[in-house]
2 protein chains.
Amino acid sequence: MLMPRHDTGRTPSRLEGRATWLVSRAYLRSSGLLGAGFETHGDGLRSYHYRLLAALEEWGPASQAELGRKTAIDRSDVTAALTELESRTLVERSVDPEHKRRKIVTITPAGVERLLELDKVIDGIQEEFLAPLTPAQRRQFIALVSRLVDAQH
Amino acid sequence: MLMPRHDTGRTPSRLEGRATWLVSRAYLRSSGLLGAGFETHGDGLRSYHYRLLAALEEWGPASQAELGRKTAIDRSDVTAALTELESRTLVERSVDPEHKRRKIVTITPAGVERLLELDKVIDGIQEEFLAPLTPAQRRQFIALVSRLVDAQH
DNA sequence: ATTAAGTGTTGGTCGTACCAACATACACAG
DNA sequence: CTGTGTATGTTGGTACGACCAACACTTAAT
């Protein structure tokens with residue numbers, strides 16, 4: 001071994017208590033869990049795909065631009081993600097008869113199926129992610145973060 | 001105008017209440033604020049640079065590998081970030097006399113100065129980020145996220 | 001003397017989030 | 001009807017944080 005040197009690995013105290021730092025660490029943990037879940041049960045899909053499938057299942061067919069606005073995903077990223085979903089026949093794209101530039105995207109039965117599977121995986125990850133908190137704390141946490149996120153400013 | 005089409009922009013209900021989703025939105029907001037702060041007051045520095053300066057100021061000179069472990073930044077990214085810090089004379093690198101492969105990194109007075117400036121900027125961003133919460137809620141939020149983040153595995 | 005392990009560096013990848021530019025399609029004002 | 005403006009889908013970028021593999025080199029352990 002080469003000089004113990006005692007790396008505590010602890011975070012600089014400057015960061016430790018700062019909300020932005022803690023949120024970035026929480027995100028790291030969260031996206032790590034999600035990434036692992038998608039990797040083992042997701043057939044190469046990622047969060048963008050899940051978001052799009054969720055929007056389509058909930059609100060029905062929509063144009064790509066609409067999807068982009070509703071999911072807060074950039075148009076260009078919507079295009080790319082839909083191409084991947086389409087290649088797995090989880091969605092279908094068809095030209096809007098009333099507007100030949102626009103494409104109407106529809107989720108397929110297979111798409112719904114996969115969405116429901118992903119739901120289960122993601123629910124499991126919520127459990128894992130929130131494990132350190134009691135049920136009451138979980139509710140509190142979710143309420144507080146919701147408030148933070150809904151800030152229009 | 002081209003067909004109102006009514007984009008509420010609201011999130012799919014599947015996502016709305018999930019902790020991992022909320023955390024990702026919170027992180028987005030947080031890193032947006034930080035990015036803007038660094039852009040206007042940071043002289044091109046980013047969060048990696050701040051982390052490294054903070055570690056150096058708090059724990060004194062360290063080798064790059066040590067820094068990497070203490071800040072949880074990959075060795076290769078430490079190398080790159082230090083090169084940028086060095087070019088601004090905010091840190092100095094010197095070969096460890098006891099180990100010719102190792103480089104000891106030291107923060108310069110200018111580095112400390114810049115760190116203190118960044119501290120102020122980042123403190124302001126905490127305020128902005130936490131604005132939607134009352135002081136009691138802020139303490140609660142920080143306590144809960146800390147607990148989430150300290151989860152070992 | 002070998003082997004094992006740590007160190008700094010180079011050169012990649014991935015995922016999320018953006019942005020700019022473009023061709024095409026449509027809506028509306030005149 | 002004609003022009004102007006705006007929406008749409010697509011391509012091809014950028015940034016940033018996080019990671020990984022490989023390499024040359026140095027030192028420690030056996």
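Below, chain A is the first sequence line, B the second, and so on; all start at residue 1. Owing to the predicted nature of the structure, the values given are computational and were not obtained by experimental measurement.
Between the CD atom of Glu39(A) and the C1' atom of dG15(C) there is a distance of 12 Å, rounded to whole Å. Regarding Arg102(A), its CZ atom lies at a distance of 17 Å from the P atom of dT6(D), rounded to whole Å. Atom CG of Leu33(B) is separated from atom P of dA17(C) by 16 Å (rounded to the nearest Å). Spacing between atom CD of Glu84(A) and atom P of dC14(C) amounts to 12 Å, rounded to whole angstrom units. In this entry the distance linking NZ of Lys100(B) with P of dA28(D) reads 13 Å, nearest Å. Look at CG on Asp96(B): it is 16 Å from P on dG6(C), rounded to the nearest Å. Rounded to a whole Å, the NE2 atom of His49(A) is 12 Å from the C1' atom of dT16(C). Put simply, CZ on Arg69(B) is 12 Å from C1' on dA5(C), counting in whole angstrom units.
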Item to complete: Output, in order, the C-alpha distance, side-chain angles, deciding distance and verdict of side chain to side chain contact (heavy atoms under 4.5 Å, CB included) for Leu82(B) and Leu67(B).
Response: CA-CA 10 Å; Leu82(B) 285 180; Leu67(B) 274 176; 4.3 Å; yes
Practice prompt. Take Trp21(A) and Arg14(A) through the side chain to side chain contact (heavy atoms under 4.5 Å, CB included) test and state the conclusion after the steps.
Written response: CA-CA 10 Å; Trp21(A) 169 254; Arg14(A) 269 189 168 70; over 6 Å; no
Worksheet item: Would Gln126(A) and Arg138(A) satisfy side chain to side chain donor-acceptor pair (under 3.5 Å), going step by step from the backbone distance to the final call?
Response: CA-CA 10 Å; Gln126(A) 304 309 302; Arg138(A) 295 178 190 195; over 6 Å; no
Discussion item. Using the rule given for side chain to side chain contact (heavy atoms under 4.5 Å, CB included), can you reason through Leu45(A) versus Leu118(A), listing the C-alpha separation, both sets of side-chain angles and the distance that settles it, and then say yes or no?
Written reply: CA-CA 10 Å; Leu45(A) 299 182; Leu118(A) 290 177; 4.3 Å; yes
Practice prompt. Any chance you could lay out the side chain to side chain donor-acceptor pair (under 3.5 Å) test for Arg93(A) and Thr83(A), step after step, and finish with the verdict?
Written response: CA-CA 9 Å; Arg93(A) 284 196 267 203; Thr83(A) 300; 2.8 Å; yes
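Contact annotation: Tyr27(A) does not reach the phosphate of dT16(C) (side-chain N/O to OP1 or OP2, under 4.0 Å). Contact between the side-chain N/O atoms of Arg25(A) and the OP1/OP2 oxygens of dA18(D) is found at a separation under 4.0 Å.
Relative to the side chain of Arg46(B), the nucleotides dC26(C), dG17(D), dC19(D) differ in distance, and dG17(D) lies closest. The Tyr48(A) side chain lies nearest to dA17(C) when the options are dC26(C), dA17(C), dA18(D).
A salt bridge does not link Arg69(B) with Glu66(B): every distance from a Lys NZ or Arg NE/NH1/NH2 to an Asp or Glu carboxylate oxygen is 4.0 Å or more.
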Measure all distances between protein nitrogen or oxygen atoms and nitrogen or oxygen atoms of nucleotides 10-14 of chain D, and list the pairs falling under 3.5 Å.
{"residue": "dT10(D)", "atom": "OP1", "partner": "Lys103(A)", "partner atom": "NZ", "Å": "2.1"}
{"residue": "dT10(D)", "atom": "OP2", "partner": "Gln64(A)", "partner atom": "OE1", "Å": "3.0"}
{"residue": "dT10(D)", "atom": "OP2", "partner": "Gln64(A)", "partner atom": "NE2", "Å": "2.9"}
{"residue": "dT10(D)", "atom": "OP2", "partner": "Arg93(A)", "partner atom": "NH1", "Å": "3.0"}
{"residue": "dG12(D)", "atom": "O6", "partner": "Ser76(A)", "partner atom": "OG", "Å": "3.4"}

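For Ser146(B), the side-chain hydrogen bond (donor to acceptor under 3.5 Å, both in side chains) test picks out no residue, with sequence neighbours left out.
Note on Leu28(A): only backbone sugar-phosphate atoms sit closer than 4.0 angstrom, heavy atoms only; bases stay farther off.
Both Pro97(B) and Ser47(B) lie near DNA chain D, and the one whose nearest nucleotide falls closer to the 5' end is Ser47(B).
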